[in-house]
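What follows is one structure encoded as structure tokens, with my remarks underneath.
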Protein chains: 2
Amino acid sequence: MSIKPTAETFQGVLVDADAQVESFRQTRISRRTELVEDYVELIADLIADGGEARQVDIAQRLGVAQPTVAKMLKRLAAEGLIQQKPYRGVFLTAEGSELAERSRERHQIVESFLCALGVSPATARIDAEGIEHYVSTETLQAFKSYLNNPR
Amino acid sequence: MSIKPTAETFQGVLVDADAQVESFRQTRISRRTELVEDYVELIADLIADGGEARQVDIAQRLGVAQPTVAKMLKRLAAEGLIQQKPYRGVFLTAEGSELAERSRERHQIVESFLCALGVSPATARIDAEGIEHYVSTETLQAFKSYLNNPR
DNA sequence: TCATCATTATAGCCATTGCTATATTGTAGG
DNA sequence: CCTACAATATAGCAATGGCTATAATGATGA
Ligand SMILES: [Mn+2]
Ligand SMILES: [Mn+2]
Ligand SMILES: [Mn+2]
Ligand SMILES: [Mn+2]
């Protein structure tokens, strides 16, 4: 809407437009990388646990169908985060491992923080799975500080 | 991967499978409703500020193109959250107003909470725009409790 | 060895969320 | 009144992330 500098203008209802558009833009960027982060994190966990990450296991853990996983793995391979041999499990590249490790750490901090705040473990687990992807380094640092000195 | 009850099995690397799949499922559900919540919240703010919510204003605030908004508004109308007259601004139905109010409140609590935790206002604003959609009522309650008794 | 079965690959479908280009409509000024 | 111009509508495209059905492959066990 256009600026209406009349006497009865209610200031404060709307936040600064430039700031708001920047927030929405950043959120859209985070949403695009969300799935990739969950995939590499899960792949790293599966490899750490059983030595390999297979499509069926990834699909079962994510609760999606196997072709959905197959398509995403192609994308991850195209982005250089994993390597795959036909009809074999996948493994992480150096770049993929780094992203997985960063994601795992951040996820752990968010979940621990929620628990420290008094949220039940079950709810903390669910909420952290979504929240983790929208937490900046600054907010993550604030979470860490709280964990070091809760209450 | 299959269960491998060997002696060298590393327990604890992988979380419970059923719990994990439930987390991912809930996150996918939240992701689907994210945009709708931001739209109705923004529409309510625009109406409160200027008396009307036009496509150009919504588009400018979200940082997307006008046809993107037009398409989403059709969806919101189909879902009964807004009413629109051709070539006119939109307004919220009773249902849309309720969702907008709930979203606005939740958004405000999340942003205030981050600030109270020591996050800078600019970062809190950005992070809250994403985090808000993945916060359960239980976690929101924990945020409120902290706001009532911080530090 | 080789047949079966679990796993992976592929094809084709749909919904969502973005875009550009362009047609249509409404309205305000001259 | 009527013409610009601003706003909206529409068409068509692309990427993402789901799905089912089915083909191709690998590995296991008899
Ligand atoms: Mn995660
Ligand atoms: Mn996650
Ligand atoms: Mn919001
Ligand atoms: Mn938001």
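In what follows, chains carry the letters A, B, and so on, assigned in the order in which the sequence lines appear, proteins first and then strands, with residues in each chain numbered from 1.
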* Rounded to whole angstroms, how far apart are CG on Leu73(A) and P on dT7(C)? -> 15 Å
* Separation of Tyr39(A) atom OH from dG18(D) atom C1', in whole Å? -> 10 Å
* Angle class for the Tyr146(A)/Tyr146(B) ring planes (parallel below 30°, perpendicular above 60°, tilted otherwise)? -> perpendicular
* Asked: Which residue, Val36(A) or Arg88(A), contacts DNA chain D at a nucleotide closer to its 5' end, judged by nearest heavy atom?
  -> Val36(A)
* Looking only at side-chain atoms of Tyr87(A), point me to the closest of dG18(C), dT7(C), dC19(C). => dT7(C)
* Asked: OP1, OP2 of dG18(D) versus side-chain N and O of Arg25(B): anything below 4.0 Å?
  -> no
* Backbone of Val21(A) reached by a side-chain donor or acceptor of Arg61(B) within 3.5 Å -> no
* Between dC19(C) atom C1' and Leu62(B) atom CG, what is the distance in whole Å? -> 15 Å
* Structure fact -> Comparing Leu35(A) with Gln66(A), nearest DNA chain D nucleotide closer to 5' gives the residue Leu35(A)
* To do: Mark yes or no for whether Thr68(A), through its side chain, and Val64(A), through its backbone, hold a donor-acceptor pair below 3.5 Å.
  => no
* Identify whether any heavy atom of Pro86(A) sits under 4.0 Å from a base atom; if not, whether one sits that close to sugar-phosphate; answer base, sugar-phosphate or nothing. => sugar-phosphate
* Structure fact -> Whole-Å distance, Leu76(B) CG to dT16(C) P, equals 12 Å
* OP1 or OP2 of dT10(D) less than 4.0 angstrom from a side-chain nitrogen or oxygen of Lys74(B), does that happen here? -> yes
* Output the single nucleotide from dT25(C), dC19(C), dG18(D) whose closest atom is nearest the side chain of Thr68(A). => dG18(D)
* To do: Select one nucleotide: of dG12(C), dT20(D), dG26(D), the one nearest the side-chain heavy atoms of Lys71(A).
  => dG12(C)
* To do: Give the nucleotide from the list dG26(D), dT17(C), dG18(D) with an atom nearest to the side chain of Arg31(B).
  => dG18(D)
* Glu138(A) and Ser120(B): side chain donor to acceptor below 3.5 Å -> yes
* Figure out the NZ/P separation between Lys85(A) and dA27(D), and round it to whole Å. => 10 Å
* Structure fact -> Separation of dA6(D) atom C1' from Arg54(B) atom CZ, nearest Å, is 8 Å
* Donor-acceptor under 3.5 Å (Ser23(B) side chain, Glu129(A) main chain) -> no
* Asked: In whole Å, what is the span from the CZ atom of Arg75(B) to the C1' atom of dC14(C)?
  -> 14 Å
* Closest listed nucleotide, where the reference is the side chain of Val64(B) and the choices are dG18(D), dT10(C), dG18(C) -> dG18(C)
* Whole-Å distance separating the CD atom of Glu52(A) from the P atom of dT7(C) -> 10 Å
